[in-house]
Structure formats: structure tokens, C-alpha cells
Amino acid sequence: MDEFKEFIIKFLKKETKLENIELEVPPNPEMGDFAFPCFQLSKELKKSPAEISKELAQKFKPNEFVKEAKTIGPYLNFFINKSSMIESAVHNALKQKSKYGSSSSGKGKKILVEHTSINPNASPHVGRARNALIGDSIVRILKFQDYKVETHYFVNDVGKQIAMLVLGAEGKKSVTFDDLLNIYIEINKKVEANPEMEKQVLELLSLLEKKDKTTKEKFEKIVGTCIEGQQKIFSELDIHYDHFDYESKYLFDKKTDEALKKLEKTGKLFIDEFNRWVLDQKGYGLGMDTPVLVLTRNDGTSLYPLRDIAYNIEKMSKGENIVVLGEDQKLYQEQIAAAMKELELKAPRVVHYSFVLLQDGKMSTRKGNVVLLEEFMREAVSKASDELKKRHENVDVKSAKAIAYGALKFSILRVSPEKNVIFDWQQALSFEGETAPYIQYAYARISSILDKTKLNSKADLSVLNEKEEAEIAKIIAGFPDVVMKATNELKPHLIASYLYGLAQKFNEYYHLHQILKAEDKIKDARLLLISAVAHTIKNGLMLLGIGVLEKM
């Protein structure tokens, strides 16, 4: 729709002398395709918005893009030329193919995206997967817009949770990835029952920070086992990382000491009554009774915030940064941003997400009430295979995985990041409603139709006069705007919602109108239209990390 909007904006800028023109979309299609609110001109021109709208309407001359400008109350509403719009949308989608929807807005720009970064202490649960799914989709969207993207995973390999896991693994000959969750749950129970064990955990951390060789090897072995296992799971979901950044690096190469020295120069660093280094954060509106950021323990060993600041200093030296974090990290991230400001450095742009909840509450690795991502993936593939068996004799495992993993990703990505996802096994795996299989099936249906005939690229699209055809073309034409909005706001759910709307509109059209049995001229035009739908669905699902199938 860009060329249509540009024409309208050019006309309005000329007639109103306004620099910034904001167009709205009327709530009812019968009221037009775009609307310009005239309120902002009322005070300056000392006229009512309705009068201004009438005067502008009289100056407008119809052309190939817009057939009419009509006054509706205080708005000037524009009705675009449906035939031109259909032709533009279809030809753009078919010409640009896998790049349709991209504005190349990131060309020549670099962005570092840090996501997932879950504790390497167990197999991840579905709740933790939300971070990876959102992060991966953001990476895909940015790459689609031609940004050069580096994907990073910050490995918390020296924290208290890892020390507890090392303690829990003491005396065991070998520890596999599958053992880690039970070990972690058990050691948590033991520490809760016997607080004296906390000293053993802290002693391990102290030995690690002093570079005790044996302790260091124990930590590395546990963390290595976990990262390898986690990486295997995420790779299965086609989620990959360019760099694993280990927290220990910032400890052992003295980057934490360097960060402390830099913070000391701000005049805000002091030693508190507990003999800890803390950063005074008064004046940043953090809403805390005692706004300080604790950076070390009383024995001088570093805490996560200090290592994180060292990491952020390094990351920000590489350029623009995005980090995906749970909403429970909001205050903490504000504290990190305040610390970075004291150092006169930018902080990363943060995408916060809410939790994935079970029907009976929040998942917790420590308590063990989780749906493991790996378990869910297996269950999802099994369910998808059963669905495929109803339709085909032979079940392709690759197809089952595309449906299963698509269902998982879409069920989480379709929800706006700031809202909770109430996780429901049955709903996530459903082949009906707002799900990935529903959208994948629309694509497969179009592929099946196109397999039975040949496309005539020179077909006359002006014969497409049905209301639904213009509606489909308008949705296709709006795809680049949706991708741009998702890019600017870092919200993949906008693309998920768009795709469901497009699939719905196609299915409605498919049931109302003949395609292969239509008269030749109309058939050829309709085939081009649905081919454009297929390209758009494929590109949109790719941005969510979801594959398409030619048959379902």
C-alpha cells in the first residue's frame, strides 16, 4: 500500500503545509481505505474540522491510485482504486518472492541480539522457551530487513545455581544432561532443609573466583554438559547462536575489576555496612526504599550485576544492542541501565516478556513443576503424526516436525510479549482456530491448487471484481507495513496476528468462489492472486521460525 499512501500524503502535505501527516484506517471498509483527521488544522485555520475536510475534498483530483476523497464528519476519507491496488499487491508479491515484505531498512546497520541466556542448570521448560522463541523471531525479522545481526547467549556459568548443581553432583561418577533437573531439584530441597549447606555453596564460589583448578574443572564440566544439551534442543527448533558469552570470562580476565574502577570514578560507589561494594542509584526513580545496586559479596567475590555490567560494557562497544528478558527482570534491568548511564554509555534496548503459566500457576525449575520443552516437542510430534495419518498413508517425520514445532512456536509468539501465555497442551496442538497448522494448511491448500495447473504471469488482474478479492489484495499489500511495525516495536505477535487474518480471508474466499473451474481469464487471475497469498504466508511464517508444507 506504500505507493497509495505516499500519493495521499504528498497531496495532503501540499495542501495543508504540514510536515508530518498521520493517516488512519477507518473502522469500516465502507468508509474508505485511509482517513485524514482534520482536527489538528482547526485551531490554526480557525475553521471546524468538517469545513476543512470539505475544502480539501474539493481540491482532490482522482487518479490511478485514488478514485475518491470524501468528507465524513471531521475526516477526509480516501477510497483507493481497487483494480490498481490488486495489480500492485499481486505483482509486488510475485516479483519480490522471498523478499516480499522487506523494506531493507537495516541495510548497512549492525545489531547484536542477546536472547535465551537461561541458567545452564537443567533442560529448559516451555516457559523458558518463550525467551528463545521471541529472540529468534526478532533476529529473523531484523535479518529480513537486511540488518547484519549477531546472536549472543550469555552463559551464567559462575552463579550460585551452578554451584548448587556442582555440590549436588558430588560423588556421582557421571552426570548426563537428563540427570541435571533431578539433581537440581534434590539439592534445592537439601539446602532448604539444611541452611548450613549454603556455606558449602558459597565456598565453591569463593574457590572458583580464586581460580582453584579442581573447582573450575567441576564447574566447566557441569556447564558444558548443560549447554550442549540445551543447544541440541534449540537447534532442533532451528534456533541458533553466533556466540556463547561465558560469564566466567569477565571474572577471570579481570573485566569485573575494570568495571569496578570505572564505577568508582563516578563517585557513586561505596562499601556498605556489610562490607560489600554497592552503587548508589538515588535520583533514578527506581521506586526502591534503598536504591543501591549490590556488586560484590562481603568476601569481595563478584555478584551477577557486576559481571553483567562488564558484559554490557563490552557488548555496547560493538554497536546497537537488544536483549530479551522476563518481566521479573524489569527493575534489575533499570538498575543496569542506570549504572550504564553513570558510565556515560547506552544501555541495551530491552524486550520484556511475561510468563508462560500452567493452568495451576507459574512453572519453576527449582520446584520441579514444569513442562519440559523436550517432552512437549516429542508429544507435539506424536500428535502431529496422528493427524497426518488421518490424511495420508505414509507419515513424513519432517512434515510432522514442521507442524508440531510450528504449533509450539505460534502458540507462544501469537501472544503480545507483555501478556501471560496460559499454556494449554490441547489448544497449542489444535489444527483449528488461531494456530500454526491452520495457517500452514492454507498454504498447503494453495500449493495443491497450483500443482494442478500453470500460472499465466500475464493474466489480466482487472477481471478480479469480487469484494473478497480486493480484501485479500489489501491484506497482502499491508504486509510490508506489518513487518515494519514488528521491526520498530520488536513484537513478533503482530506478524502472527496478520497471518491468521490472511489465512482466514483466503479460506473464506476459497469456499465462496471457484478457482480451477472458473472461466479461463478469471481462473488465471485468481491463480496469480492466491499465489501471492502463498508467498506472503511463507515469508510471514519464516519470520516466526515456522516452516511450510506443500501437502498436509
*Under 3.5 Å, is there a donor-acceptor pair between the side chain of S102 and the main chain of S104?*
yes
*Do the non-hydrogen side-chain atoms of I134 and L413 ever get within less than 4.5 Å of each other?*
yes
*asked:* Do E434 and Y438 pair up side chain to side chain, a donor and an acceptor below 3.5 Å, judged on atom types alone?
replied: no
*Output the distance between atom OG (S302) and atom CG (L205), rounded to the nearest 0.5 Å.*
9.0 Å
*Identify whether the distance between the nearest side-chain nitrogen and carboxylate oxygen of E114 and K315 falls below 4.0 Å.*
yes
*Side chains of Y250 and V158: does their closest heavy-atom pair fall under 4.5 Å?*
no
*Taking atom CD of E327 as the centre, report whether more than 12 heavy atoms of other residues, nucleotides or ligands fall under 6.0 Å from it.*
yes
*Would you check if the side chain of E150 reaches a backbone N or O of D242 as a donor-acceptor pair within less than 3.5 Å?*
no
*Indicate yes or no: does E320 engage R349 in a salt bridge with an N to O separation below 4.0 Å.*
no
_Side-chain (S137) to main-chain (L543) donor-acceptor, under 3.5 angstrom_ = yes
*Does the S497 side chain pair with the main chain of H493, one donor and one acceptor, at a distance under 3.5 Å?*
no
_Pair D299 + K210, salt bridge at N-O below 4.0 Å_ = no
*asked:* Set out, in order, the CA-CA distance, both residues' side-chain angles and the distance that settles side chain to side chain contact (heavy atoms under 4.5 Å, CB included) for K190 and M164, then state yes or no.
replied: CA-CA 10 Å; K190 286 178 182 177; M164 289 179 72; over 6 Å; no
*asked:* Please check this pair: side chain of S411 against backbone of A407, looking for a donor-acceptor N/O pair closer than 3.5 Å.
replied: yes
*Grab the two heavy atoms, one from L202 and one from R297, that are nearest each other, plus how far apart they are.*
CD2-NE, 3.9 Å
*Nearest non-hydrogen partners of L260 and L269, listed with the distance*: O-CD2, 3.5 Å
*Looking at side-chain heavy atoms only, is the closest gap between L208 and V166 below 4.5 Å?*
no
*Show your working on ring-ring contact (aromatic ring centres under 6.0 Å, His included) between Y75 and F39 and close with a plain yes or no.*
CA-CA 8 Å; Y75 292 87; F39 304 101; 5.7 Å; yes
*Within a radius of less than 6.0 Å around NZ of K262, do more than 12 heavy atoms belonging to other residues, nucleotides or ligands occur?*
no
_For the student: nearest non-hydrogen atoms of I309 and M340, plus distance_ = O-SD, 4.5 Å
*R140 and D238 ion-paired at < 4.0 Å*: yes
_Between T225 and T176 (side chain of the first, backbone of the second, donor and acceptor by atom type, cut-off under 3.5 Å), is there such a pair?_
no
_For M484 versus S103, what's the shortest heavy-atom pair and its separation?_
SD-OG, 3.3 Å
*With a 3.5 Å cut-off and no angle check, do the side chains of Y304 and E247 form a donor-acceptor pair?*
no
*For residues L12 and L18, determine if any side-chain heavy atom of one lies less than 4.5 Å from a side-chain heavy atom of the other.*
no
*asked:* With a 4.0 Å cut-off on N to O distance, would you call E6 and K13 a salt bridge?
replied: no
*So with a 6.0 Å cut-off around NZ of K160, is the heavy-atom count from everything else above 12?*
no
*asked:* Tell me whether K232 forms a cation-pi arrangement with F177, defined as NZ or CZ under 6.0 Å from the six-membered ring centre and within 45 degrees of its axis.
replied: no
*Straight-line distance of R378 CZ to L373 CG, nearest 0.5 Å*: 10.0 Å
_Sub-6.0 Å ring centroid separation between H125 and F376_ = no
*Decide if atom CD of E258 counts as having more than 12 heavy atoms of other residues, nucleotides or ligands within a radius under 6.0 Å.*
yes
*N20 CG: over 12 foreign heavy atoms closer than 6.0 Å*: no
*Would you say L499 and L544 make side-chain contact, with heavy atoms under 4.5 Å?*
yes
*Does CD in E217 sit with more than 12 non-hydrogen atoms of other residues, nucleotides or ligands closer than 6.0 Å?*
yes
*Side chain K99, main chain F144, donor-acceptor under 3.5 Å*: yes
*Working to the nearest 0.5 Å, report the span between NZ of K485 and NZ of K491.*
7.5 Å
*Just by modelled atom types, is the G326 backbone N or O under 3.5 Å from a matching donor or acceptor in the H352 side chain?*
yes
_Please determine whether side chain to side chain contact (heavy atoms under 4.5 Å, CB included) holds for the pair T16 and Q40, giving the CA-CA distance in whole Å, both sets of side-chain angles, and the decisive distance to 0.1 Å._
CA-CA 10 Å; T16 65; Q40 56 189 310; over 6 Å; no
*Checking D146 side chain against K107 main chain: does a donor-acceptor pair fall under 3.5 Å?*
no
*Any side-chain heavy atom of D328 sitting closer than 4.5 Å to one from F355?*
yes
*Beyond-backbone contact of D308 with Y332, side-chain heavy atoms, under 4.5 angstrom*: yes
*CG-CG distance between N119 and D157, expressed to the nearest 0.5 angstrom*: 10.5 Å
*Roughly how far, to the nearest 0.5 Å, is OH of Y184 from CG of N121?*
5.0 Å
*Would you please classify the geometry between the F234 ring and the Y241 ring as parallel, tilted or perpendicular, with 30° and 60° separating the classes?*
perpendicular
*Answer yes or no for K110 and Y147: cation-pi contact, defined as NZ/CZ to six-membered ring centre under 6.0 Å and angle to ring axis within 45°.*
no
_Taking K255 first and then E314, would you say they form a salt bridge - that is, a charged N and a carboxylate O separated by under 4.0 Å?_
no
*Do any N or O atoms from the side chain of Q335 and from the backbone of V292 form a donor-acceptor pair under 3.5 angstrom?*
yes
*Roughly how far, to the nearest 0.5 Å, is CD1 of I9 from CD of E22?*
8.0 Å
_Residue that, paired with Y153, satisfies ring pair (Phe, Tyr, Trp, His ring centres under 6.0 Å) out of Y246, F244, Y311_ = F244
*Determine, stepwise, if the pair K109 / Q145 fulfils side chain to side chain contact (heavy atoms under 4.5 Å, CB included).*
CA-CA 10 Å; K109 299 174 188 174; Q145 298 285 37; over 6 Å; no
_N28 atom CG: more than 12 heavy-atom contacts under 6.0 Å_ = yes
*What heavy-atom pair brings T256 and L306 nearest, and what distance separates the two atoms?*
O-CD1, 3.8 Å
*State, yes or no, whether a side-chain contact exists between K419 and S354 at a heavy-atom distance under 4.5 Å.*
no
_Please give me the minimum heavy-atom distance between L165 and P120, naming the atom from each residue._
CD2-O, 4.1 Å
*Answer yes or no: does atom CD of E344 have more than 12 heavy-atom neighbours from other residues, nucleotides or ligands under 6.0 Å?*
no
*For E334 and Y284, what are the C-alpha separation, side-chain angles and deciding distance, and is it a side chain to side chain contact (heavy atoms under 4.5 Å, CB included)?*
CA-CA 9 Å; E334 285 171 6; Y284 280 97; over 6 Å; no
